[in-house]
**Q** 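If you scroll down you'll find the structure; I have some questions about it.
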Amino acid sequence: EKGGYDHFMLKEIYEQPRAILDTFRGRMLSNEGIIRMAGVDDNIEKFLNANRILIVACGTSWHAGLVAEYVFENLTRIPVEVEYASEFRYRNPVITENDVVIAISQSGETADTLAAIKLAKSKGAFVFGVCNVVGSSISRETDAGAYTHAGPEIGVASTKAFTTQITVLTLIALKLAQKKGTVSTSEFHTYLSEMDAIPAKVEKTLKSDNHVKTISNIYKDATNFLYLGRGYNFPVALEGALKLKEISYIHAEGYPAAEMKHGPIALIDEQMPVVVIATRKGHYDKVVSNIQEIKSRKGKIIAVVMQGDKTIKKIADYVIEIPETLELLTPLLTTIPLQLLSYYIAVMRDCNVDQPRNLAKSVTVE
Ligand code: M6R
């Protein structure tokens, strides 16, 4: 059942090229320049006339929502807000029939997300679900939706659900951008052909496996980790930190790189490994100077960079390369080595990777 892998988590990490392909296959016809998604097509006016899009989710799905916020606003110019479902539902939020609410949930059973949906519906909002489990409560409770086609995710730590959620949300944003004319036809085609290339690039990124394992062995005894990223990769930093906490029980924090100087820099010493996502197109120079600040305080740098990077190679302790792609699509690649890092560290610390202590696959309690 684990297909020759030691754990479901590793199997699921390795399934990502296929899962992402399955998620866009049949929906994205890149040669024709068409994105077809029944749930969006049937409700296109609701999306196009939306005052704003409000995304509700928990945990890793909330991180996918944060990536989507940047993607939607950049491509469609529709204002987006992302909320923890548990906060949204209890705080008397402003919500009207002109809002589109997108609920993201792998299991489709998360109690807080389900309650947030019910609240949004009661205020007249149109609610769209992005779920992985077919026929789940959330998929039934929403007005329309689009499934991620990740296949069953057994490991408690979410991996392929995250990358396929980002895939679905990016397809929706691209479709709306095409309709609204907020991206040019040629840009649109570039996005589609780059998305087409993602499964092969994830495959290539997975080849860093052994290298990540070596790095894991060096830092497995650390008691704290920092994860930094900017732009589209800020949520990836949060997700990397969550993954490490969840399965290896090492305390980790994710931050937008520029926030470091507003506090967390005080934590940096020779004991602190800092994982920095530094793709060449994402405010690269700023991230380089963040790395220098960490180095001058003796912190250890593990950098995720784009292939061919020379600058960061010189200053980081370790670099992990991802293939070149459009900045907006980099989260689909940068996430992969962070999943592997948390996986190997957890294995080396003898943790129960697939069933970490105190956690359940779906959180159906409030
Ligand atoms: O099934 P959901 O996507 O609604 O679950 C949300 C969170 O409980 C979930 O992402 C959790 O944070 C994972 N264990 C993260 O790996």
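Values in this document were obtained by computation on a predicted structure and should not be read as measured data. FYI, the numbering just counts along the sequence from 1. Excluded from the calculations below are hydrogen atoms, water molecules and symmetry mates; all remaining heavy atoms, backbone and side chain alike, are included. Numbering of ligands and ligand atoms starts at 1, following listing order.
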**Q** With a sphere of 6.0 Å drawn around NZ of K361, does it hold more than 12 non-hydrogen atoms of other residues, nucleotides or ligands?
**A**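 More than 12 within 6.0 Å, yes.
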**Q** Using non-hydrogen atoms of the residue, decide whether V156 is closer than 4.0 angstrom to ligand 1.
**A**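 Yes, V156 has a heavy atom closer than 4.0 Å to ligand 1.
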**Q** Could R77 and E73 be called an ion pair, given the rule that one side-chain N must be under 4.0 Å from one carboxylate O?
**A**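 Salt bridge: no.
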**Q** In the protein, which heavy atom is nearest to atom 8 (O) of ligand 1, and how far is it?
**A**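 Atom 8 (O) of ligand 1 sits closest to the protein heavy atom V363 CG2, 4.0 Å.
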**Q** Go through the structure and list residues passing side-chain hydrogen bond (donor to acceptor under 3.5 Å, both in side chains) with D209, not counting sequence neighbours.
**A**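 In terms of side-chain hydrogen bond (donor to acceptor under 3.5 Å, both in side chains), with neighbours along the sequence ignored, D209 is linked to Y14, Y344.
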**Q** Is there a heavy atom of K243 sitting under 4.0 angstrom from any atom of ligand 1?
**A**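 Yes.
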**Q** Go through ligand 1 atom by atom and flag the ones less than 4.0 Å from a non-hydrogen atom of S105.
**A**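 So the atoms of ligand 1 that pass are 1 (O), 2 (P), 3 (O), 4 (O).
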**Q** Ring of Y249, cation from R349 - is the NZ or CZ under 6.0 Å from the centre and inside 45° of the axis?
**A**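 Judged by the rule, R349 and Y249 form no cation-pi pair.
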**Q** Hey, are K123 and D99 close enough for a salt bridge, meaning a charged N less than 4.0 Å from a carboxylate O?
**A**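 Salt bridge between K123 and D99, a charged N being under 4.0 Å from a carboxylate O: no.
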**Q** Residue-level breakdown please: for T60 versus ligand 1, do any non-hydrogen atoms fall below 4.0 Å on the side chain, on the backbone, on both, or on neither?
**A**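 Both backbone and side chain of T60 come within 4.0 Å of ligand 1.
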**Q** Using 4.0 Å as the upper bound for N to carboxylate O, is an ion pair formed by K160 and E12?
**A**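 Looking at K160 together with E12, the answer is no, because their closest N to O distance does not fall below 4.0 Å.
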**Q** With respect to Q165, determine whether any N or O atom, backbone or side chain, lies less than 3.5 Å from an N or O atom of ligand 1.
**A**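 No, there is no polar N/O contact under 3.5 Å.
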**Q** Is E15 salt-bridged to K11, cutoff N-O under 4.0 Å?
**A**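 Result for this pair is yes, salt bridge flagged.
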**Q** Could you identify the single nearest non-hydrogen protein atom to atom 5 (O) of ligand 1 and state the distance to 0.1 Å?
**A**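 The answer is T110 OG1, 3.5 Å.
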**Q** Under 4.0 Å, heavy atoms only, figure out whether ligand 1 is touched by the backbone of E246, its side chain, both or neither.
**A**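 Answer for E246: side chain.
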**Q** Closer than 4.0 Å to some heavy atom of S61 - which atoms of ligand 1 meet that?
**A**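 Reading through ligand 1 atom by atom, the close ones are 2 (P), 3 (O), 10 (O).
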**Q** Less than 4.0 Å between a side-chain N and a carboxylate O, is that true for R89 and D112?
**A**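 The answer is yes: the pair qualifies as a salt bridge.
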**Q** Would you mind running through ligand 1 and noting each atom that sits below 4.0 Å from a heavy atom of A157?
**A**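 Listed by number with element: 16 (O).
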**Q** At less than 4.0 angstrom from any non-hydrogen atom of C58, what atoms of ligand 1 do you find?
**A**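 So the answer, numbered in order with elements, is 6 (C), 7 (C), 10 (O).
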